[in-house]
Each structure stands twice: as structure tokens, then as C-alpha cells.
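In each ligand, atom 1 is the first atom listed, and ligand 1 is the first ligand listed. Quick note: residue numbers are just sequence positions, from 1.
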Amino acid sequence: MACSTDNMFLIGLFMSGVLACFGQRHLITTMPEKLDVLSGSCVQIPCAFDVPQDCSTFNSTIITSGVWIKESPYFGGRLNIVIFNSSKTYNTYQGKITGNMSWKDCTTVFFNVTSSYTNICFFRIESRPFNATDPEKSVHIVVRDLPLRPNITVSGEMKEERPVSFNCSATAPCPKHSPKLTWTLPTLFTPENQLQENSDQTKSVLSMVTFTASHLHHEKNITCTAVYPVGTSNKTAEHSMTLLFSPKNTSASLSPADPVSVGSCVNLTCSSTANPPVTNFTWFQISGGKPTQVASGQTYTINVTVGDGGMYYCEARDDHSIENSMKVPLAIEAWVNSLFGTVHTNQATAEEEPAEDQPE
Ligand SMILES: *[C@@H]1O[C@H](CO)[C@@H](O)[C@H](O)[C@H]1NC(C)=O
Ligand SMILES: *[C@@H]1O[C@H](CO)[C@@H](O)[C@H](O)[C@H]1NC(C)=O
Ligand SMILES: *[C@@H]1O[C@H](CO)[C@@H](O)[C@H](O)[C@H]1NC(C)=O
Ligand SMILES: *[C@@H]1O[C@H](CO)[C@@H](O)[C@H](O)[C@H]1NC(C)=O
Ligand SMILES: *[C@@H]1O[C@H](CO)[C@@H](O)[C@H](O)[C@H]1NC(C)=O
Ligand SMILES: *[C@@H]1O[C@H](CO)[C@@H](O)[C@H](O)[C@H]1NC(C)=O
Ligand SMILES: *[C@@H]1O[C@H](CO)[C@@H](O)[C@H](O)[C@H]1NC(C)=O
Ligand SMILES: *[C@@H]1O[C@H](CO)[C@@H](O)[C@H](O)[C@H]1NC(C)=O
Ligand SMILES: *[C@@H]1O[C@H](CO)[C@@H](O)[C@H](O)[C@H]1NC(C)=O
Ligand SMILES: *[C@@H]1O[C@H](CO)[C@@H](O)[C@H](O)[C@H]1NC(C)=O
Ligand SMILES: *[C@@H]1O[C@H](CO)[C@@H](O)[C@H](O)[C@H]1NC(C)=O
């Protein structure tokens, strides 16, 4: 019964009448899609496999070889695509299957990685008479000369007396050469590094810091540096971010700022230095002593009517907080003049003049 061959030979299988197995994956592997690796270092490929039972002559106690092939899952006897064969002492890639194959663990380490190791790699089992490669799962090994910059994530808001936390994480593709993370902070803190496993079984090193925000940190930089030991030297990558302290300096401005006449246009613009940027601006007019929402959006354009005169402010809102600007006055020419008791004919003139003549 030959229910145990490469997919290449499915036609053969079909002819031999083993219909139950037609089109099935004979080997199902689990491995990350992609691994970013440093040249000169090693790469550990987390790998597990399973063999659908009803369709195989697989006997885990008699596995002879774990094999990695590159470029294509279809071996077809092409020895030039074999990069690693656990049964051989010399291989194209120097490596070792560190997982226990009897436990269906095919975790593999390749040492002394060079740029030529950049490839799509497939896993294959040879356990006579069972030979199979999983055609649907592969790992893309990408070899780089310099490490990727670590990731920084932030939680909490830079607001006086509020705790703010930063996580820095850097990939650790080679367990023996895990990066060491250090911080440059505007405050004293001694974080610790910890190795963690990601959802795709790849590893990274994580460092967490928490401190109480202060306005003194405004525009100070925070930097996380990852140092990878490679051979006798180090390879370094870092990620910096500039701390922007709340308040967001929300302010409202008018253009034109001078008193305007009825029928002309005025732009009210709300600005904020918040980080991350504010996405929701809302405008209020104080009327009858109470704020009334009149518009939303960073810029509010008014074609002035007599009732538009008065005080305005804007509200800048993000996920964490709301901040209001100072109130700004929208003055209408005639209205201003009447306050000073020097009414000329401005209002009447304004109403009669064509809009094009008004300042914009
Ligand atoms: C697997 O192989 C071992 C050793 O050859 C043998 O003793 C055992 O019976 C086999 N198991 C199955 C399920 O065929
Ligand atoms: C792996 O090595 C074994 C032992 O030398 C050999 O029988 C087998 O054909 C090799 N497999 C591949 C895919 O090269
Ligand atoms: C692998 O697992 C088998 C079965 O549990 C065990 O007998 C063997 O010693 C293990 N091999 C290694 C290298 O740990
Ligand atoms: C990696 O290569 C160096 C020389 O380039 C050699 O000394 C070392 O043994 C190799 N390491 C492994 C694990 O093969
Ligand atoms: C940073 O995060 C992105 C998205 O989550 C991820 O794709 C990337 O691999 C991470 N980089 C490092 C160095 O951890
Ligand atoms: C940092 O990582 C820890 C552990 O994974 C997590 O609980 C926490 O929410 C993370 N914090 C930030 C700021 O990403
Ligand atoms: C903070 O970092 C930016 C760019 O990352 C740099 O231009 C600036 O000079 C740094 N500021 C300080 C105080 O180090
Ligand atoms: C590499 O970095 C470590 C700290 O992570 C340091 O102790 C060591 O001196 C550095 N080695 C070289 C050759 O720079
Ligand atoms: C303002 O509105 C009036 C009446 O709707 C219109 O005649 C005038 O052209 C508008 N002015 C501007 C500058 O759009
Ligand atoms: C912005 O805030 C205003 C006032 O709370 C709300 O009515 C509006 O739906 C918000 N818009 C968006 C896009 O979140
Ligand atoms: C108001 O904003 C619009 C669009 O941004 C612009 O075209 C117009 O010139 C501005 N008017 C004034 C008076 O600033």
C-alpha cells in the first residue's frame, strides 16, 4: 500500500487506486511565515509537523530524515534544492534539528547564516516508506546585514502626574545571540529584558518602562537600543521617539482677525499639538451665556450674519481626553462700533456692498 509519496506522484497514487488519499496533504507543518535573520548569526526555525493518520504508513518511531529544501516543495530527486538533511553530516546549510522528531517537533537551527541563506524553505520527512513535503507551508528566511529597528509601543497619555508606559521589543531569531535592550530615558529607571514568544512561535526580547509624566519631559527623546552580539562584534539598531507632553495647546484663531462685515467670510481654525494628532474638532458659540455646538471640523467657515457675532471656542478630542481652546471673539464691524458709540453707516454699507468687495 503506497499511501505515502510526494504530491508529485498523486497521479500514480490515483492509478494505484488509493482514492481516500487523493489530493490530501500527507504532511502538515507549522512554522512562521517569515524570519528576519542577521548575517553571521544563527536562525532558529520553530517547526512542528503532523501526519494525517488515515492516509499514511507513517510510523514516528522510524523517522530516518528531516530535510529542508529550498525554492519549491516538489523535491523530485533534485539534490541541488536540498539544503539540509539530518541524516547527512555535511550539508549546504550548517544546522541541526533541535526538536525531538519523535514528538513531531522539527525545530531547526541554522548556524553561521550568510546572505545566500535568503530563501523560501520547505520541510520534508523521509521515513521509509513514507516520504512527504508539505507544499502549503514554508518559511521565508530573509538575511540582513543590519538588524531591524526595535518597535516601541506607548500606553497612557503624557499628562502631568499620569503614569506612561513604553514597551520596546526586538526580534530574537537566534536564541544564543539574543539582543540586549537598553533605554535612553528622560528619567531614572532600570528596566529588565525578558524573552517572549510571539503567536507564530518566533521569539523577541521585550523591555518595559513606566514612569510618571511631567511637563519637563516635553520634547525630550526616548530611545530604545538593541545590541545583537554577532561573533566578536555587536550589531546595533535603535528607535527614538520625541515625547510630546499634554496639554495639547489647543487654540482657536480667526482669519481675518479684524472685525468683519456681514456677508463676508471668516475662517475659524482650531489647532492642537497633541500627539497622536487630534482627529475630532468641535466648535461652540457662546450664546445666551451657554455654549452651543455650531460645527465640527478643524476649520469652520462662516458667511457672517448679524447673529454670528460673539465668543467662540473649539474642543479638541482624542481617545484619551478633551481640551478646549481659549474663547476668541468674532466681532462684526457695526457691532464693534456700536459698543464704542461711534456708529457710522457701516452696517448699512456692509449690507449694500457686494460680497466680492469684502475682505476675505
Ligand atoms: C513502528 O515501528 C516500530 C519499529 O519498527 C514497530 O515496532 C512498531 O510496531 C511500528 N508501529 C506501527 C504503528 O506500525
Ligand atoms: C537524506 O539522507 C539520507 C541518508 O544519506 C538519504 O538516504 C536520503 O535520500 C537523503 N534525502 C534527500 C532528500 O537528500
Ligand atoms: C525524543 O522523544 C522520545 C520519545 O519520548 C525519547 O525516547 C527520546 O529520548 C527523545 N530524544 C531526545 C533527543 O530527547
Ligand atoms: C561558524 O564559522 C566559524 C568560522 O567562520 C567557525 O569557527 C564556527 O565553528 C562556525 N560555527 C558553527 C556553529 O558552525
Ligand atoms: C514591529 O511590529 C511590526 C507590526 O507588528 C512587525 O511586523 C515587525 O516585525 C516588528 N519589528 C520588530 C523588530 O519587532
Ligand atoms: C507591554 O507588554 C506587556 C506584556 O506583553 C503588555 O501587557 C502591555 O500592555 C504592553 N504595554 C504597552 C505599552 O504596549
Ligand atoms: C531627538 O530626536 C530627533 C530625531 O530623532 C533629533 O532630531 C533631535 O535632535 C533629538 N533631540 C534631542 C534633545 O536629542
Ligand atoms: C557588545 O555589547 C555589550 C553590551 O551589550 C558590551 O558589553 C560589549 O563590550 C560590546 N562588545 C563590543 C565588541 O563592542
Ligand atoms: C454670503 O451669503 C450671502 C447670502 O446667502 C451671499 O449673497 C454672499 O455671496 C455670501 N458671501 C460669500 C463671501 O460667500
Ligand atoms: C466629534 O465630537 C462631537 C462632539 O462630541 C460628536 O458629535 C461627533 O460625532 C464627533 N465626530 C467624530 C467623527 O467622532
Ligand atoms: C478660508 O479657508 C478657505 C479654505 O481653506 C480659503 O480658501 C480662504 O481663503 C480662507 N479665507 C480666509 C478669509 O482666510
Side-chain angles (χ1 to χ4, degrees), residues 5-6 8 27 32-38 62-93 95 97 101 121-133 140 142 144 146-154 167-174 178-179 181 193 195-200 202-207 224-228 235-239 241 252-261 263-271 295 297-304 330 355-356 358-360:
T5 24
D6 286 11
M8 262 202 113
L27 179 65
E33 263 170 42
K34 188 179 171 210
L35 279 166
D36 286 291
V37 190
L38 264 183
I62 53 167
I63 291 180
T64 51
S65 317
V67 175
W68 287 92
I69 61 179
K70 64 177 181 183
E71 289 158 14
S72 152
Y74 305 110
F75 169 49
R78 288 180 292 160
L79 290 173
N80 62 321
I81 66 166
V82 177
I83 52 181
F84 181 82
N85 181 341
S86 64
S87 301
K88 301 220 157 143
T89 45
Y90 181 78
N91 281 296
T92 312
Y93 285 21
I97 294 185
M101 293 270 279
C121 304
F122 295 84
F123 188 68
R124 173 178 172 83
I125 279 182
E126 299 194 339
S127 167
R128 269 167 230 293
F130 178 90
N131 292 334
T133 311
H140 187 191
V142 179
R144 301 171 185 279
L146 294 173
L148 291 173
R149 76 173 195 171
N151 279 341
I152 296 184
T153 53
V154 189
N167 280 3
C168 178
S169 73
T171 57
C174 176
S178 277
L181 300 182
N193 287 331
L195 193 65
Q196 59 167 19
E197 195 168 280
N198 305 315
S199 56
D200 65 355
T202 58
K203 303 265 196 308
S204 30
V205 172
L206 173 70
S207 180
C224 174
T225 308
V227 178
Y228 291 80
K235 289 188 177 181
T236 300
E238 63 177 38
H239 189 164
M241 63 195 290
S253 61
L254 298 180
S255 170
D258 299 327
V260 293
S261 44
S264 66
C265 277
V266 177
N267 287 344
L268 284 73
T269 304
C270 192
S271 60
Q298 190 161 11
T299 300
Y300 169 37
T301 302
I302 307 178
N303 178 345
V304 177
L330 170 62
E356 299 84 68
Q358 298 305 311
E360 297 213 358

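Close contacts between ligand 2 and Leu79 involve ligand atoms 14 (O) [criterion: under 4.0 Å to a heavy atom]. The atoms of ligand 5 that sit less than 4.0 Å from any heavy atom of Asn151 are 1 (C), 2 (O), 3 (C), 8 (C), 10 (C), 11 (N), 12 (C), 14 (O). Numbered from 1 in the order shown, with element, the atoms of ligand 5 that lie under 4.0 Å from a heavy atom of Thr171 read 12 (C), 13 (C), 14 (O). Below 4.0 Å from some heavy atom of Ser87 lie the following atoms of ligand 2, by number and element: 2 (O), 3 (C), 4 (C). Counting atoms of ligand 5 from 1 in the listed order, those under 4.0 Å from a heavy atom of Arg149 are 13 (C). Here is the list of ligand 2 atoms found below 4.0 Å of a heavy atom in Phe75: 13 (C). Of all atoms in ligand 2, numbered sequentially from 1 with element shown, those under 4.0 Å from a heavy atom of Lys88 are 2 (O), 5 (O).
Protein heavy atom at the shortest distance from atom 8 (C) of ligand 2 is Glu126 OE1, 3.3 Å. Looking from atom 7 (O) of ligand 2 to the surrounding protein, the closest heavy atom is Arg128 NH2, 3.8 Å. For atom 10 (C) of ligand 2, the closest heavy atom belonging to the protein is Asn85 ND2, 2.4 Å.
Closer than 4.0 Å to atom 14 (O) of ligand 5 lies at least one heavy atom of the protein. For atom 4 (C) of ligand 5, the protein comes within 4.0 Å by no heavy atom at all.
Without hydrogens or angle criteria, Thr171 side chain to Pro173 main chain gives no donor-acceptor distance under 3.5 Å. Side-chain N or O atoms of Asn91 include none that pairs as donor or acceptor with a backbone N or O of Tyr93 at under 3.5 Å. In this structure, the side chain of Asn198 does not engage the main chain of Asp200 through any donor-acceptor pair within 3.5 Å. Within the 3.5 Å criterion, the main-chain N or O of Gly66 finds a donor-acceptor partner in the side chain of Ser86.
Taking both residues in full, the closest heavy atoms of Ile152 and His239 are given as CD1-O, 3.5 Å, listed atom of the first, atom of the second, then distance.
Here Phe122 and Trp68 keep their ring centres 6.0 angstrom or further from each other.
In terms of polar-atom proximity, Thr301 is not counted as a contact of ligand 11, lacking any N or O under 3.5 Å from an N or O of the ligand.
With a 4.0 Å cut-off on non-hydrogen atoms, Ile69 does not touch ligand 2 at all.
Within the model, atoms CZ of Arg149 and CD of Glu238 stand 10.0 Å from one another, a figure rounded to the nearest 0.5 Å.
Between the side chains of Ser207 and Asn167, no donor N or O sits under 3.5 Å from an acceptor N or O. Judged by distance alone, the side chains of Thr301 and Asn267 do bring a donor and an acceptor atom under 3.5 Å apart.
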